Amino acid sequence: MNFDFTEEQLMIQQTAREFAQSEIAPTAVKRDIEAKFPDEIVKKLGELGFLGMMVSPEYDGAGLDTISYVLAMIEISKVDASLGVIMSVNNSLVCYGLEKWGSDFMKEKYLKPLARGEKLGAFALSEPEAGSDATRQQTSAYKDGNHWVINGMKNWITNGTSADYFLVVTQTDKEKAHHGITTFLVEKGTPGFGHGVKEDKLGIRGSDTCSLTFENCRVPEENIVWEVGKGFNFAMNTLNGGRIGIASQALGIAEGALDAATKYAKTRKAFGTEIANHQAIQFKLADMATKIEAAKLLTLQAAALKDAHKKYVKESAMAKLYASKIAVECALEAVQIHGGYGYVREYLVERYMRDAKITEIYEGTSEIQRIVIARELLKD
Ligand code: CAA
């Protein structure tokens with residue numbers, strides 16, 4: 001596979017890098033401490049076209065490829081992984097899902113403002129009793145005239161308090177198990193739809209995660225995504241692409257940790273010289289850099305397969321599995337290289353360490369990625 005980036009891909013990477021440095025970096029620490037959702041920055045990301053990167057221009061998107069998306073996600077997440085996940089959910093789960101499986105009506109009414117960044121989306125699959133075991137949906141919906149009535153609860157929803165449109169996975173026919181699951185688009189403000197308090201999280205504290213509640217929430221039939229009974233297949237297929245986004249977020253964190261550790265090692269002195277001159281530190285930096293390159297190749301491979309309309313289920317799971325693992329390892333090593341300074345907020349690396357962990361959990365835990373990979377291997 002050839003990863004010589006095109007002029008356009010390099011331009012997107014550069015734009016994302018400059019935006020991250022000038023607009024995101026100055027307030028990233030403050031937002032983490034205050035757990036504040038970055039409304040203004042999200043608005044600007046939308047204006048740049050970064051919230052609908054892969055959506056076709058026909059639906060007001062930027063019409064870019066997945067490789068460009070990966071490069072932009074890395075640059076944004078390197079500076080603030082909270083913005084990385086906000087961007088990833090809107091692009092890979094919500095916009096992608098609607099463009100691929102939404103009706104013309106939904107694309108016109110919902111996808112266009114999402115792709116322009118005027119509205120924000122969320123993806124509501126997880127429940128208190130259905131996380132990894134996602135077929136055990138308890139949230140239900142029944143048909144009433146030309147509406148469906150949703151009851152139940154969703155958990156751990158990224159963009160939960162800020163989103164305007166929610167893709168909500170529900171059980172509509174228990175007898176049919178996962179073939180009786182249907183996804184609806186629910187608008188914020190629909191009567192009967194509410195959300196719980198924002199979670200107080202270990203990391204990605206600038207992103208808002210909360211539960212959602214549905215009490216006799218009536219949604220018009222035209223808001224069914226794909227078709228009745230296809231909701232689980234919708235979620236699984238969408239998550240395959242989502243995992244490329246989270247792998248990119250993890251890569252951004254890992255690269256940020258390596259940059260910070262390298263910079264520190266060149267200035268901090270111990271035993272009469274900069275610590276970068278000690279092999280103990282050099283080996284750590286070398287291992288971090290090698291792991292990052294390997295994770296990047298896996299992620300770009302998954303992105304290239306997706307762009308070529310080839311199968312990428314196994315490859316996106318491998319990318320997420322490995323990139324999230326090395327994000328945690330690189331962030332921990334960066335803290336170790338910083339010593340005591342790595343343990344205080346003044347230096348960035350403790351945040352990388354806290355932010356990295358979630359990449360091994362959401363959009364399918366590492367254990368789920370191994371299940372997906374093994375099943376694909378055994379199919380061949
Ligand atoms: N791609 C496409 N289809 C898939 C798939 C994949 N990766 N994995 C499963 N499927 C399909 C199967 O083909 C099957 O479809 P059919 O019956 O129509 O042929 C159907 O899904 C059921 O599959 P299984 O029989 O394998 O079901 P299972 O219960 O044994 O396992 C699972 C399913 C893979 C474990 C699945 O439940 C899973 O992926 N769980 C993790 C859920 C997850 O990733 N949650 C993340 C929440 S969203 C989030 O985090 C967003 C955020 O806010 C950041």
Side-chain angles (χ1 to χ4, degrees), residues 73 77 81-97 100-101 120-137 139 154-163 165-169 171 176-183 195 198-199 201 203-204 207-212 226-250 302 305-306 311-321 324 355 357-379:
M73 272 292 300
S77 306
S82 295
L83 272 150
V85 73
I86 295 165
M87 184 173 151
S88 179
V89 166
N90 202 73
N91 275 284
S92 347
L93 298 182
V94 182
C95 286
Y96 176 76
K100 182 111 179 140
W101 291 286
L120 192 66
F123 184 82
L125 170 69
S126 301
E127 298 188 356
E129 300 292 323
S132 289
D133 193 0
T135 59
R136 287 173 59 87
Q137 294 290 308
T139 298
K154 294 287 172 184
N155 250 22
W156 318 125
I157 307 306
T158 303
N159 297 344
T161 63
S162 305
Y165 305 145
F166 297 76
L167 298 179
V168 182
V169 181
Q171 185 65 253
K176 292 188 181 156
H178 72 268
H179 288 129
I181 289 175
T182 305
T183 298
H195 54 71
K198 196 166 132 175
E199 302 289 352
K201 304 192 296 284
I204 54 160
S207 86
D208 57 339
T209 310
C210 70
S211 57
L212 307 176
W226 198 348
E227 58 188 67
V228 173
K230 287 285 191 193
F232 192 72
N233 298 80
F234 167 80
M236 291 298 106
N237 281 297
T238 306
L239 279 165
N240 291 329
R243 289 165 185 163
I244 298 176
I246 302 304
S248 312
Q249 183 200 26
L305 288 170
K306 181 166 177 281
K311 263 193 93 179
Y312 61 96
V313 176
K314 184 177 74 197
E315 290 76 8
S316 65
M318 284 176 167
K320 181 182 182 285
L321 173 65
S324 61
D355 286 352
K357 185 60 200 169
I358 191 62
T359 64
E360 292 190 307
I361 298 173
Y362 57 24
E363 299 208 20
T365 61
S366 297
E367 292 73 15
I368 290 296
Q369 305 311 323
R370 290 187 173 93
I371 290 176
V372 172
I373 295 164
R375 286 184 183 174
E376 289 297 310
L377 282 177
L378 295 169
K379 260 187 208 170

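Each ligand, and each atom within it, is numbered from 1 in the order the structure gives. Because the structure is a prediction, the values reported are computed rather than measured. By convention here, the first residue in the shown sequence is residue 1.
Remark: K100 pairs with no residue by the salt bridge (charged side-chain N to carboxylate O under 4.0 Å, His left out) rule, at least two apart or across chains. Partners of K306 according to the salt bridge (charged side-chain N to carboxylate O under 4.0 Å, His left out) rule, which considers only residues two or more places apart in sequence or in another chain, do not exist here.
The list of side chain to side chain donor-acceptor pair (under 3.5 Å) pairs with a residue in residues 231-242, not counting sequence neighbours, is empty.
For the residue pair K154 / Q137, a side-chain donor-acceptor distance below 3.5 Å is found, with atom types taken as modelled.
Ring-centre distance between W101 and F234: below the 6.0 Å cut-off.
Near ligand 1, residues V89, L93, F123, L125, S126, G131, S132, A134, T135, T158, H178, H179, F232, N233, M236, N237, L239, N240, R243, V313, Y362, E363, G364, I368, R375 each place a heavy atom inside the 4.0 Å sphere around the ligand atoms.
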*Kindly determine whether N90 and C95 satisfy side-chain contact (heavy atoms from CB on, under 4.5 Å), including the steps that lead there.*
CA-CA 6 Å; N90 202 73; C95 286; 3.8 Å; yes
